[in-house]
Amino acid sequence: MTTDADGESFRSRFADGDALGTWVSIGHPAIVEAAARAGFDFVLIDTEHTAMSLETVAELARAAAASPGELGVIVRPAWNDPVRIKRILDIGVDGIMVPMIDTPDAAAELVRATRYPPDGDRGIASGRAAGYGQNFVDYVAEEHRSLLTIAQIETPTGVEHAAAIAAVEGIDALFVGPADLSASLGVFAEWDAPELTDAMARSIEAGANTDTPVGTLTVREADVADRVERGFDFQIAGKDMTTLIETGERIRETYDESVSSQQ
């Protein structure tokens, strides 16, 4: 578990609110190092919609540990699958964010996948998370409970059950996935649609009622302030590939305009 110079865990810092992460879809350690140098609190490593292998995730986690500052690592698996989840957790990360959690039962299954018996179904191993066996007993007995467990709300059903999902013991935060939620509401990519605005507000309220942080994704800098004003407790701001492309486009446009002005 990542801790800062004062010994405060990433989990504690996250629960205090205002955590800022960034989205990692490029499987290269330099991306994680750049996020640390930019001052982000954590990275979200996406394995749902990327080709990243577990070996790549492990290398990114090591890069975070070796980077300046105290960068937390949260990983998104492809699904609420206990086999996928346990293999990610054995790498030794700070948290997990799981897509399409629609019901309290699904949330309870997620929590059980992160916990060892008798509280869950996670298989016991002495991997990197347990210091390759050096703190095996302590990790299995207690330390694994410090993992941050985030449920994604991405459908109308998930919004309807958001308060009940947040109330499941072991769920530490909710995350509103704007793209999937907008699509499931029939307003895909209409970011200011009343249906999406209302669903976001209901999710935020559900979190407030259960004292559960609620976050979302903001791909572009221009949207960050709006999400703060809406009441989100944390954000994952910026996506590596989008930032590279759009920054490159702006540089190209500036160059073309400069050349044209000289002709």
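Below, all heavy atoms of this structure are taken into account, side chains as well, without hydrogens, waters or symmetry copies.
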Distance, nearest 0.5 Å, that separates CG of L217 from NZ of K239: 6.0 Å
Does the side chain of S261 pick up a donor-acceptor pair with the side chain of S258 at under 3.5 Å? no
If every non-hydrogen atom of V159 is compared with every non-hydrogen atom of S203, which pair is closest and at what distance? CG2-OG, 3.9 Å
Working to the nearest 0.5 angstrom, can you tell me the gap between E48 CD and R84 CZ? 9.5 Å
Using atom types as modelled and distance alone, determine if a side-chain donor or acceptor of R227 lies under 3.5 Å from a backbone N or O of F232. no
Residue pair S182 / A189: nearest heavy atoms and the distance that separates them: OG-N, 3.2 Å
Taking only residues two or more places apart in sequence or in another chain, which ones pass salt bridge (Lys or Arg N to Asp or Glu O under 4.0 Å) with D121? R112
hydrophobic_cluster_shared for I26 and I245, side chain cutoff 4.5 Å: yes
So do the side chains of L89 and R122 get within less than 4.5 Å of each other, counting heavy atoms only? yes
Does L244 offer a backbone N or O that forms a donor-acceptor pair with the side chain of T247 under 3.5 Å? no
Can you list the residues that meet the ring pair (Phe, Tyr, Trp, His ring centres under 6.0 Å) rule with F14, with sequence neighbours excluded? F10, F42, F234
Drop me the distance from F175's CZ to M97's CE, to the nearest 0.5 angstrom. 4.0 Å
Which atom names give the shortest non-hydrogen contact between V224 and Q235, and what distance separates them? O-NE2, 3.0 Å
May I ask whether L54 and I31 are part of the same hydrophobic cluster, defined by side-chain heavy atoms of I, L, V, M, F, W, Y residues being less than 4.5 angstrom apart, directly or through others? yes
Please confirm whether the backbone N or O of I150 pairs with a side-chain atom of D172, one donor and one acceptor, at under 3.5 Å? no
Interatomic spacing from CG in D41 to CG in L20 - rounded to 0.5 Å: 6.0 Å
I'd like to check the salt bridge (Lys or Arg N to Asp or Glu O under 4.0 Å) partners of E249; sequence neighbours left out, ordered by chain and number. none
Quick one: are T242 and R220 in side-chain contact, heavy atoms under 4.5 Å? yes
Would you say that F136 contacts I124 through its side chain, given a criterion of any heavy-atom pair below 4.5 Å between the two side chains? yes
Residue E190 excluded, over 12 heavy atoms near CD under 6.0 Å: yes
Sequence neighbours excluded, the answer for salt bridge (Lys or Arg N to Asp or Glu O under 4.0 Å) partners of D240 is none
Where do A163 and A206 come nearest, in terms of heavy atoms and distance? N-CB, 3.5 Å
Minimal non-hydrogen separation, A65 against R128, with atom names: CB-NH2, 4.1 Å
Can you tell me how far OG of S67 sits from CD of E33, rounded to the nearest 0.5 angstrom? 4.5 Å
Heavy atoms of R115 and G170 approach each other most closely as NH2-CA, 3.7 Å
Would you mind listing every ring-ring contact (aromatic ring centres under 6.0 Å, His included) that reaches into residues 244-263, with sequence neighbours excluded? none
Atom CG of D211: over 12 foreign heavy atoms under 6.0 Å: no
Would you check, one step at a time, whether the test salt bridge (Lys or Arg N to Asp or Glu O under 4.0 Å) holds for R145 with E142? CA-CA 6 Å; R145 297 176 185 276; E142 191 62 35; 3.7 Å; yes
Test your reading of the model: is there a side-chain donor-acceptor pair from T212 to the backbone of A208, 3.5 Å cut-off? no
Any side-chain to backbone donor/acceptor pair from T216 onto V176? Under 3.5 Å, distance only. yes
Could you walk me through whether R230 and T197 satisfy the side-chain contact (heavy atoms from CB on, under 4.5 Å) test, starting with their C-alpha distance in whole Å, then the side-chain angles of each, then the deciding distance to 0.1 Å, before giving a yes or no? CA-CA 9 Å; R230 292 191 191 202; T197 299; 3.9 Å; yes
Determine whether I236 and T218 satisfy the following criterion, side-chain contact (heavy atoms from CB on, under 4.5 Å), listing intermediate values before the conclusion. CA-CA 6 Å; I236 301 175; T218 44; over 6 Å; no
N/O donor-acceptor pair under 3.5 Å between T47 side chain and R76 backbone: yes
Between R62 and E59, is the closest basic N to carboxylate O distance under 4.0 Å? yes
Can you find a heavy atom in the side chain of I165 that is under 4.5 Å from one in the side chain of I153? yes
I85 side chain near I96 side chain, heavy-atom distance below 4.5 Å: yes
Indicate yes or no for a side-chain donor-acceptor contact from S184 to the backbone of E154 under 3.5 Å, with no hydrogens or angles considered. yes
Is the shortest side-chain heavy-atom distance between P77 and V98 below 4.5 Å? yes
Any idea how Y139 and Y116 line up, ring-wise: parallel (<30°), tilted (30 to 60°), or perpendicular (>60°)? perpendicular
Any side-chain to backbone donor/acceptor pair from T22 onto A237? Under 3.5 Å, distance only. yes
Show, in sequence, the C-alpha distance, side-chain angles and deciding distance for I74 and I45, and conclude whether the side-chain contact (heavy atoms from CB on, under 4.5 Å) test is met. CA-CA 6 Å; I74 298 174; I45 299 173; over 6 Å; no
Partners of D180 by salt bridge (Lys or Arg N to Asp or Glu O under 4.0 Å), sequence neighbours excluded? none
Are M241 and V57 connected into the same hydrophobic cluster when the rule is that any two of I, L, V, M, F, W, Y join if their side-chain heavy atoms are below 4.5 Å apart? yes
Would you check, one step at a time, whether the test salt bridge (Lys or Arg N to Asp or Glu O under 4.0 Å) holds for D256 with R252? CA-CA 6 Å; D256 289 344; R252 181 69 199 187; 3.3 Å; yes
If hydrophobic clusters are built from ILVMFWY residues whose side chains come within less than 4.5 Å, do W79 and V111 share one? no
Kindly say whether G131 contributes a backbone atom to a donor-acceptor pair with the side chain of N135 at under 3.5 angstrom? yes
More than 12 heavy atoms of other residues, nucleotides or ligands under 6.0 Å from CZ of R37: is that the case? no
Check each of L60, V75, D46 against V24 using the side chain to side chain contact (heavy atoms under 4.5 Å, CB included) test, and report the only one that passes. L60
Separation between CG of L174 and OG1 of T210, rounded to the nearest 0.5 Å: 6.5 Å
N80 and M100: side-chain contact (heavy atoms from CB on, under 4.5 Å), yes or no, with the steps? CA-CA 8 Å; N80 191 15; M100 296 291 180; over 6 Å; no
Looking at R87, I want to see if its CZ is surrounded by more than 12 non-hydrogen atoms of other residues, nucleotides or ligands under 6.0 Å. no
